[in-house]
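First comes the structure, then the notes that go with it.
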Number of protein chains: 2
Amino acid sequence: MLQYPTSKPDYHVALSLSLVLLGFNGKNIEVLLAKSINPEYEGQLFLPSQNLLTNEDFTAVAANMFSRLFGYNPEVLEQLKAFGNVSRARGGRVVNIAHYALVKTSDFKAEEWSKHGMHWCNIEKVPELAFDHNDIINFARERWERRVRRRPVGFDMLPPEFTIGQLIKLYEKALNIKIDKRNFRKKVFKTKLLEELGRKADGKSFGQQKGSQLFSFNKKAYDKMKGSEYPFQF
Amino acid sequence: MLQYPTSKPDYHVALSLSLVLLGFNGKNIEVLLAKSINPEYEGQLFLPSQNLLTNEDFTAVAANMFSRLFGYNPEVLEQLKAFGNVSRARGGRVVNIAHYALVKTSDFKAEEWSKHGMHWCNIEKVPELAFDHNDIINFARERWERRVRRRPVGFDMLPPEFTIGQLIKLYEKALNIKIDKRNFRKKVFKTKLLEELGRKADGKSFGQQKGSQLFSFNKKAYDKMKGSEYPFQF
DNA sequence: TCAAAAGTGTTGGGGGTACACCCATGC
DNA sequence: GCATGGGTGTACCCCCAACACTTTTGA
């Protein structure tokens, strides 16, 4: 029956929650994976995940996981969807409420977490993961590719100071296209989203090239245009 | 811990599933609602929903609900996300795996279902619904508005034969804009997605105007361009 | 007869794309 | 000195937006 509620709820399902954390290291799009230290699953690769207690909030748990990994609260953290069409675990049905966020890989607290088996993995080369975590990553990736076309994802994925070259590489990887430098500059400068810092990169990290101009995102300009139309389209 | 699985799953959650069915009646965007005939909830309005048994598949249940309401299997039926951050019912936690589909209102088996309290409701005028079903509709609507810009949703929401006027009204309602007839025609004819039927409307149903040309969607052309870029943007 | 919708072309401007060379840096 | 990336301007083309009148139909 499509009358709700008629049949009684069947309270025998468990919830888990996984995070797909997408970052950019200057060369490739990376996703954070965990290697199990639980002997029962020795060496198995997973997305960072946890089981939920019956009364735990999705958003709160996801934000908490994020902040333990990065040290601050996420700006954007979205639910992807619920995964769990198949029987996913032995003891009963577990439905995974998958979430994703865009992150700066440089902010990951690697010292603290690498000893727990957490590490970045090129999204092009993700090995077989436990349960349906490969499906979850693929789903996140598709959603992210759509998002890239409509939002300035560099806000979230690039370090606070970055070069145009990094930004171009990010879009090239994301959309799997070749970008014309000159046209890209015209387009992006027209948006007023970039702020020229008047300093030059020293050429160390995350694909920066020494000597090239540094920029930061102008958050005020971005907030002002939120809700209205986005001024570019790749 | 972010090692998965460490803590044990907590098997005390129930699942339900709601459908947001969006249609177009020639004037307005409509959503299908159910009025409870259960005395405990007398007169309460809901989305068409049902509780899931622990071993039931999301997709299978959603498709089955759809086909009972429309008499055939859905072409596009997507999960929105899992709703259930708050305690939603008295007996325990119920997580709603909400889905949505675009439908032809004319295909709804109204004779059969209206006596069960099912009816179309203008999406601009949805009253207060039970649980968080208003949130679910709003979420569906936002997703749909993005979809409208990128896919020819008329395929799913218009009757097999329709007029350009209907198509324009659909887009005007969806995007809340005024559309220029001439420019719209140029744009849409360039896509080759419409097939001219060489017949004229008799002016009865769903906003058709007598005397105007009838068109149908060219499914072959649509399938061929699937996966590649969509040739229009509203 | 009046109101509402169908149908039909042209023009101008803006934005996108294509394209080549010189300079700075690191190896 | 060689390879890699940074930085710069122009020309063309296409697409989009703006815009008005006549005809048909139903009320």
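Chain letters run A, B, ... following the sequence lines, proteins first, then strands; residues in each count from 1.
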_Suppose we call a contact any N or O donor and acceptor under 3.5 Å apart; does that hold for the side chain of Lys181(B) and the base of dA5(C)?_
no
*Return the value, rounded to whole Å, for the distance between atom CZ of Phe184(B) and atom C1' of dG7(C).*
15 Å
*To the nearest Å, how far apart are Lys200(B) NZ and dT23(D) C1'?*
10 Å
*Spacing of Leu214(A) atom CG relative to dG5(D) atom C1', expressed in whole Å*: 15 Å
*Taking only the side-chain heavy atoms of Arg182(B) (C-beta and beyond), determine which of dA6(C), dT8(D), dT8(C) contains the nearest atom.*
dT8(C)
_How about CG on Asn176(B), more than 12 heavy atoms from neighbouring residues, nucleotides or ligands closer than 6.0 Å, or not?_
no
*Let me know the distance between CZ of Phe206(B) and C1' of dA5(C), rounded to the nearest Å.*
19 Å
*Do other residues, nucleotides or ligands put more than 12 heavy atoms under 6.0 Å from the CD atom of Glu172(B)?*
yes
*Partners of Phe155(B) by ring pair (Phe, Tyr, Trp, His ring centres under 6.0 Å), sequence neighbours excluded?*
Phe217(B), Tyr222(B)
*Where the side chain of Ile164(A) is concerned, which of dG7(C), dG7(D), dG9(D) is the nearest nucleotide?*
dG7(D)
*What salt bridge (charged side-chain N to carboxylate O under 4.0 Å, His left out) pairs are there with at least one residue in residues 113-124 of chain B, not counting sequence neighbours?*
Glu124(B)-Arg141(B)
*asked:* Parallel, tilted or perpendicular: which one describes the rings of Phe83(B) and Phe139(B), with boundaries at 30° and 60°?
replied: perpendicular
*asked:* Whole angstroms only, please: what is the CZ-C1' distance between Phe189(B) and dG9(C)?
replied: 14 Å
*Ion pair check, Arg147(B) and Glu78(B), cut-off under 4.0 Å*: yes
Pick out the pairs of N or O atoms, protein on one side and nucleotides 25-27 of chain C on the other, that lie under 3.5 Å.
| from | atom 1 | to | atom 2 | distance (Å) |
| --- | --- | --- | --- | --- |
| dG26(C) | OP1 | Lys210(A) | NZ | 3.4 |

_Tell me if the CD atom of Glu112(A) is crowded by more than 12 foreign heavy atoms within 6.0 Å._
yes
*Could you state the NZ-C1' distance from Lys27(B) to dA5(C), rounded to the nearest angstrom?*
13 Å
*Nearest-Å distance, CG (Leu194(A)) to P (dG6(D))?*
14 Å
*Once you round it to whole Å, what is the distance between P of dG16(C) and OH of Tyr171(A)?*
14 Å
_Distance below 4.0 Å between Arg185(A) side-chain N/O and dG7(D) OP1 or OP2_ = yes
*asked:* Heavy-atom nearest nucleotide on DNA chain D for Asp180(B) versus Asp180(A): which residue maps closer to 5'?
replied: Asp180(A)
*Out of dA17(D), dG9(D), dA20(D), which has the shortest distance to the side chain of Asn183(A)?*
dG9(D)
_So Lys186(A), base contact, sugar-phosphate only, or nothing? Heavy-atom distance under 4.0 Å._
base
